[in-house]
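I have placed the structure first, in the form of structure tokens, so that the comments after it can refer back to it.
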Amino acid sequence: MTSASSETAIRVRIAPSPTGDPHVGTAYIGLLNYIYARQRSGKFVLRIEDTDRTRFVPTSEQMIFDSLRWLGLGWDEGPDVGGPFGPYRQSERTEIYREHADILLNRGKAYRCFCTPEELEVVRKQQIAAKLPPRYPGTCRHLSAEQIGQNLAAGKPCTIRLAVPPHGADLTSSTTFRDELRGQITFEHNNVDDQILLKSDGFPTYHLANVVDDHLMQISDVIRAEEWISSTPKHVLLYKAFGWQIPRFWHMPLLRNLDKSKISKRKNPVSLIYYRDSGYLPEALINFLGLMGGGMPADINDGTEQFTLAEMVEHFVFTDIRVGGPVFDLTKLKWLNGEYLRKLTPEDFFQVVRSRVFGDDYLRQISSLMQTRIETLAQFGDLTSFFFSDNVIPPQDVFLSKKRNLEETLNFAQDQLAVLEATDWTHDALEPALKKLGEEKSWSVKENFMLLRAIITGSTMSPPLLESMIVFGKARSLDRIRRFLEAQKKLAAQKK
RNA sequence: GGCGUUAUGGUGUAACUGGUUAACACGUCGCCCUCUCAAGGCGAAGAGUCCGGGUUCGAGCCCCGGUAACGCUACCA
């Protein structure tokens, strides 16, 4: 076996990308890694994979820290707490990747590619049209040293690609690795593409960065999602090219939507911020995640399916994990959360309500919207109830303008959702984004904002819309629109 | 299309190394409690284990062949 020997110290990691709200899948994989490390007196490392500058969201990293801590999944090493193998932010390690890419280049395990994205796009389209697997055609694989020198001298941007055997000196035709949950998995090399390792902007792709970092950070077990299985042969090839020991691989099942597709924000709330702000307790979410895929003995706590993180560390069995993708079912999560809420003492419950529903920060922001709008304090609730409610479904006479029919209204709401998803949650970003959409679709500012107001607040009368949405939060606002659209869809289906 | 993975009620999981009418939880439905709604209590329906072969006295568990779903197939992770 080529996997890590048992004497090696256990070190695991999660490596989220700061591309938006922290994802529930990150929490799931984080939980598993956390348990694995704690069970074996190992180290749990948090590494930030911020190598994609096009998708980078500056506020994302802090949200990842906050939400993982909220769940109780603390790490031993990471960008904020340091550690002996730093830096733990990949953008601060670009020099390391460049050096390692050079090693690969020198050993003939990688090569420079001068093809432009546009050229590659053309080729890919042709291949797809011809029903061929879209793959790099190898144009630059055998450039002479002279040609490469000329291109470099001409300042042509280039990427560095993995030279997948058997084209090179190594004539092995396939790569086999062991997945600890599924056994041996083999990929023929003609199904493995010459993956880009170093992009033309000098940043590495996931494949290079994750292998280099996992080795340098002495990661013993790579516990990640199933979607990585297909690219694992590339990683194994890299370990071999460097002459490094290969870690154990554990590919965990993918959380699913109700329709069994990979969990996605289109069909499910996936933001941990959403779960926090909608009043889920971290203990309940952790417990629920622990139910996904199994792993806990069925008789724990009399088979109530209720257990703590500490109990998971004590009893969880990794080899018992089921690899069929579990549906992330909000219905059961809600039940579980209710169980946890009921288990609190009345005083603890009150404290949770006070801090999570009527937190000072939240109330302060809402108050500032209300001061000019009420005459007695008792009216406070009249215009603000939507801030404290979960089910806000406006009746048709509230959201439907006399000038618009149902279909175009729902279509426009769908457009609003898409625009809002892609917009920073600030007044300066939201206002022009919404107005631009309105102009494109010929919806007046009034129609535009009134529809959104109806969806968010359930009423035609409310505090200023954008300010309200900002206070209410992006995750919850988007979810409210999604649920509105879903509810309308169901209604339409019933009528038929 | 290619490659890979997976497959137990609607959903999440159980079922000792193959051994009685496939178990539990959520959800659904009904009843009780009750001013309402929850919670709680009691009960019911719902799968014959993706399909087809094979091995065996016996298969959800083993073997072979299908099918379907999902994932990957980017200068994203």
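A quick note: this is a predicted structure, and the numbers were derived from the prediction, not measured. Sequence lines set the chain letters: A, B, ... in the order given, protein chains first and strands last, and positions in each chain run from 1.
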Nearest-Å distance for atom pair CG/P, residues A:D201 and B:rA74: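 After rounding, the gap between these two atoms is 18 Å.
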
Just compare [options] and give me whichever is closest to any side-chain atom of [X].
| X | options | result |
| --- | --- | --- |
| A:A298 | B:rA14, B:rU11, B:rG71 | B:rA14 |
| A:W335 | B:rC26, B:rC75, B:rC3 | B:rC26 |
| A:K260 | B:rG71, B:rC75, B:rA69 | B:rA69 |
| A:P134 | B:rG1, B:rG71, B:rC24 | B:rG1 |
| A:R182 | B:rC75, B:rU5, B:rG12 | B:rU5 |
| A:P326 | B:rC75, B:rG12, B:rC70 | B:rG12 |
| A:S200 | B:rC75, B:rC26, B:rA77 | B:rC75 |

Which nucleotide, in any strand shown, forms a Watson-Crick or G-U wobble pair with [N], with both distances under 3.5 Å?
| N | answer |
| --- | --- |
| B:rA59 | none |
| B:rC70 | B:rG4 |
| B:rA25 | B:rU11 |
| B:rC42 | B:rG30 |

How would you label the contact of [X] with the nucleic acid (heavy atoms, under 4.0 Å): base, sugar-phosphate, or nothing?
| X | answer |
| --- | --- |
| A:K199 | base |
| A:Y206 | base |
| A:R53 | sugar-phosphate |

Hey, would you say the A:Y36 and A:Y34 ring centroids sit under 6.0 Å apart?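 Between A:Y36 and A:Y34, the centre distance exceeds or equals 6.0 Å.
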
Between A:Y28 and A:F328, does the ring centre distance come in under 6.0 Å?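 Ring-ring flag for A:Y28/A:F328: false, centres at least 6.0 Å apart.
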
Would you say the side-chain atoms of A:R256 and A:S264 include a donor-acceptor pair closer than 3.5 Å?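 Absent: no donor and acceptor within the cut-off.
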
